[in-house]
*Asks:* 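One structure follows; several queries about it will come next.
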Amino acid sequence: MPIHKIITAENPILRRKAKKIHRFDPSIQKLADEMFETMHAAHGVGLAAPQIAQSLRIFVAEYEDRKVALVNPEIVKAAGEVLGTEGCLSIPGYIGENIRRAEKVVVKGQDVRGKNIKVNAEGWFARVLQHEIDHLDGILFLDRLDSPEDLREVSEEEELEEETGAAV
Ligand code: ZN
C-alpha cells in the first residue's frame, strides 16, 4: 500500500473546501487505509484527505484507544471551550499555542461503506477531530491563532516529545 506525500501549507489544495463523497465504492476504504498508513509513518494522530492532495471530505484519526475514519463529517454538538497546543503535519517545525476549541463534540458522518455513524469525543481527541474537520473546509490552525506570538518554532525532537503538540 502506498504511503502518500503530505503536502504543506503553501499548497493551494489545503485552502479549498473539499468535496462531499457520494459514491462509497471500494476506493474509499482503500483511501482510508492509505491515510492511516501515511499518518502512522509521519507519527501523526490525524490526517485529512486534502493533506495528501485529495480534495475529498474524509479524515482519519487515532489516539490511544480511539480510531476513526470519518466521511462527510459534521459537528452536530459542541460544548465548553478550551485553549490548547496543536501541531499539523502540513506545517512542519511549528506548533500553535492557545488555540481555542470546543471541549466536547459530537460528530456525525459516515463510515467508509456509507453507513451513518456518530462519534462522541472530549479533550484531546475532540481537538483532533475539530482540527481535521477544519482541513476539509480549507482552514489551518494558523487561522485560529489569537496572536502571532502563539506560533512557535520547534525542533523535531521537541515536536515528537510533546504529546499535546502531536501533529494532526
Ligand atoms: Zn493539520
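We count ligands from 1, going down the list as the structure has it; atoms in each ligand are counted the same way. The shown structure was predicted, so the numbers you read here are calculated from the model rather than taken from an experiment. For the numbers below, each heavy atom of this structure counts, side chains included, while hydrogens, waters and symmetry mates do not. For reference, positions follow the sequence shown, starting with 1.
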*Asks:* What's the count of protein N, O or S atoms under 2.8 Å from the Zn ion (ligand 1)?
*Replies:* 4
*Asks:* Hey, are Arg144 and Glu86 close enough for a salt bridge, meaning a charged N less than 4.0 Å from a carboxylate O?
*Replies:* no
*Asks:* Quick check for you: to the nearest 0.5 Å, what is the distance between Leu136 atom CG and Leu14 atom CG?
*Replies:* 11.0 Å
*Asks:* Does atom CZ of Arg113 have more than 12 heavy-atom neighbours, drawn from other residues, nucleotides or ligands, at distances under 6.0 Å?
*Replies:* no
*Asks:* According to the interplanar angle, ranging from 0 to 90°, do the rings of Phe141 and His131 count as parallel (below 30°), tilted (30 to 60°) or perpendicular (above 60°)?
*Replies:* tilted
*Asks:* Would you compute the distance between atom CE of Met39 and atom CG of Leu89 and round it to the nearest 0.5 angstrom?
*Replies:* 9.0 Å
*Asks:* Between Asp33 and Gln29, is there a side-chain donor-acceptor contact under 3.5 Å, judged purely by atom types and distance?
*Replies:* yes
